[in-house]
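All of these numbers come straight from a predicted model, not from anything done at the bench.
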Amino acid sequence: MTRHARNCTAGAVYTYHEKKKDNKAGGYGTIQNRIGKDSVKDFDCCCLTLQPCRNPVVTPDGYLYDKEALLEYIIHQKKEIARRLKEFEKQKMKDQKEMADLAKAEEESRAQKFIEMEKSIVSKPLASTSSESASTSSISNVSNGREKVLPSFWIPALTPDAEKVKMKKPEKSVLCPMSRKPLKAKDLIPVKFTEVKDPDEKKALIARKVRYMCAVTHDILSNSVPAAVLRTSGNVVTMECVEKLIKKDMIDPTNGQKLTDADIIPLQRGGTGYASTNEKLDAKMKKPVMMA
């Protein structure tokens, strides 16, 4: 008896290894991949444009934006909210008119029914025989004007219409594109990054790999270094500096002002254009499953 290799395909059973190999080659099943470093935005990039901020501002939740891009977003959202409110009011007026027409038609129907009942009080001659009444009646669906009631798929005028989906009243407040919480321009906090002073570095600031440092300890800031923004001054410091130095006296070392816990805003980092910040860094694509 000849010996076979471990992955020999001459067997009568379709093994799990063979199925997995064929799925990968044919593109079947769920494809999962870890998002690489190139797909993760830097800590100093805007959450909307994914580019380094020229005039950075931070929200109370710690999301960094370029002020120009965020103001354009707020203006666009306000226009969209006004448009949706206008459509909602238009639909509301239309619904009220339909209800009024329905009530009016119901009143007219009641009046017509009352008149018919009054007329039926007058005695009428009975039918001579039941056979004559049976002969005059018809079992056709289109008799006595029923063709206007029954829908017909081959006549466009009689096909049933789909009702429009009723709109819900839109929210009047603009939501943050990342946290989905109400966002106001007055709540934005200007951010001051401390540039790395390297006389040997001749590149532009945006082209540098290392651009900013902590305003107190001068440690280099990156995606792997947790950082925070001080509300009183807008300076960016590392969380290590906050835990070891600032929280002892709760004083901003850059200007000497008193701090509270709400004045220390952790800076969100590592977000991408299609994944949540530091949470969902696995990209998945679901495809048809190959049956065994």
Side-chain angles (χ1 to χ4, degrees), residues 35 39-99 162-193 221 223 226-237 239 242 250 252 255 257-283:
I35 295 175
S39 299
V40 179
K41 82 174 188 66
D42 292 333
F43 70 97
D44 60 338
C45 291
C46 174
C47 293
L48 288 174
T49 62
L50 304 181
Q51 299 296 325
C53 297
R54 296 181 180 179
N55 190 4
V57 291
V58 69
T59 63
D61 296 321
Y63 292 101
L64 190 71
Y65 295 98
D66 194 340
K67 188 174 182 180
E68 182 180 357
L70 187 59
L71 290 179
E72 289 181 0
Y73 170 80
I74 292 175
I75 293 172
H76 175 73
Q77 289 299 317
K78 285 185 176 181
K79 291 181 179 179
E80 187 69 16
I81 290 172
R83 183 186 66 83
R84 292 180 180 177
L85 282 173
K86 189 175 181 181
E87 290 184 358
F88 176 77
E89 293 296 334
K90 186 177 179 181
Q91 184 186 18
K92 187 177 179 181
M93 294 294 294
K94 185 178 179 181
D95 293 342
Q96 291 178 356
K97 184 179 179 182
E98 289 180 356
M99 292 298 293
E163 296 182 357
K164 293 184 179 179
V165 179
K166 291 186 177 181
M167 293 180 57
K168 295 182 180 179
K169 189 175 182 180
E171 295 288 341
K172 294 184 179 180
S173 58
V174 179
L175 301 181
C176 175
M178 297 297 293
S179 64
R180 308 307 299 173
K181 295 181 180 179
L183 179 65
K184 296 181 180 179
K186 65 179 181 180
D187 296 334
L188 300 177
I189 304 164
V191 178
K192 298 178 183 178
F193 284 106
L221 298 178
N223 279 355
V229 179
L230 304 180
R231 187 190 295 267
T232 54
S233 62
N235 290 318
V236 181
V237 296
M239 289 301 296
V242 171
M250 295 303 289
D252 190 342
N255 56 13
Q257 296 184 12
K258 285 284 185 179
L259 292 173
T260 61
D261 292 336
D263 294 333
I264 301 174
I265 304 172
L267 194 62
Q268 303 291 339
R269 52 202 168 85
T272 64
Y274 53 91
S276 300
T277 305
N278 292 336
E279 293 179 357
K280 298 178 182 178
L281 296 180
D282 291 334

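- The distance from atom CG of D42 to atom CG of L50, rounded to the nearest 0.5 Å, is 10.0 Å.
- Note: I75 CD1 to L70 CG = 10.0 Å, rounded to the nearest 0.5 Å.
- Within 6.0 Å of CD in E87 there are more than 12 heavy atoms belonging to other residues, nucleotides or ligands.
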Without placing hydrogens or testing angles, list every side-chain donor-acceptor pair under 3.5 Å for residues 260-267, not counting sequence neighbours.
residue : atom : partner : partner atom : Å
T260    : OG1  : D263    : OD2          : 3.0
D263    : OD1  : R231    : NE           : 3.4
D263    : OD2  : T260    : N            : 3.1

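- Taking a cutoff of 4.0 Å between a charged side-chain nitrogen and a carboxylate oxygen, E80 and R83 qualify as a salt bridge.
- The closest donor-acceptor contact from the side chain of N223 to the backbone of F43 lies under 3.5 Å.
- The two residues C46 and C53 have their closest heavy-atom pair at N-SG, 3.4 Å.
- S233 and N255 are not linked by any side-chain donor-acceptor pair at a separation below 3.5 angstrom, with hydrogens and angles left out of the test.
- In this structure, a donor-acceptor pair under 3.5 Å is absent between the side chains of T49 and D66.
- Sorted by first then second residue, the salt bridge (Lys or Arg N to Asp or Glu O under 4.0 Å) pairs that include residues 177-189, not counting sequence neighbours, are D61-K181.
- Contact between P170 and I81 at its shortest, heavy atoms only, is CG-O, 4.5 Å.
- Within the model, atoms CG of N55 and CG of L188 stand 10.5 Å from one another, a figure rounded to the nearest 0.5 Å.
- Closest non-hydrogen pair, L48 versus P177, comes out as CD2-CG, 3.8 Å.
- No more than 12 heavy-atom neighbours from other residues, nucleotides or ligands sit within 6.0 angstrom of CD on E68.
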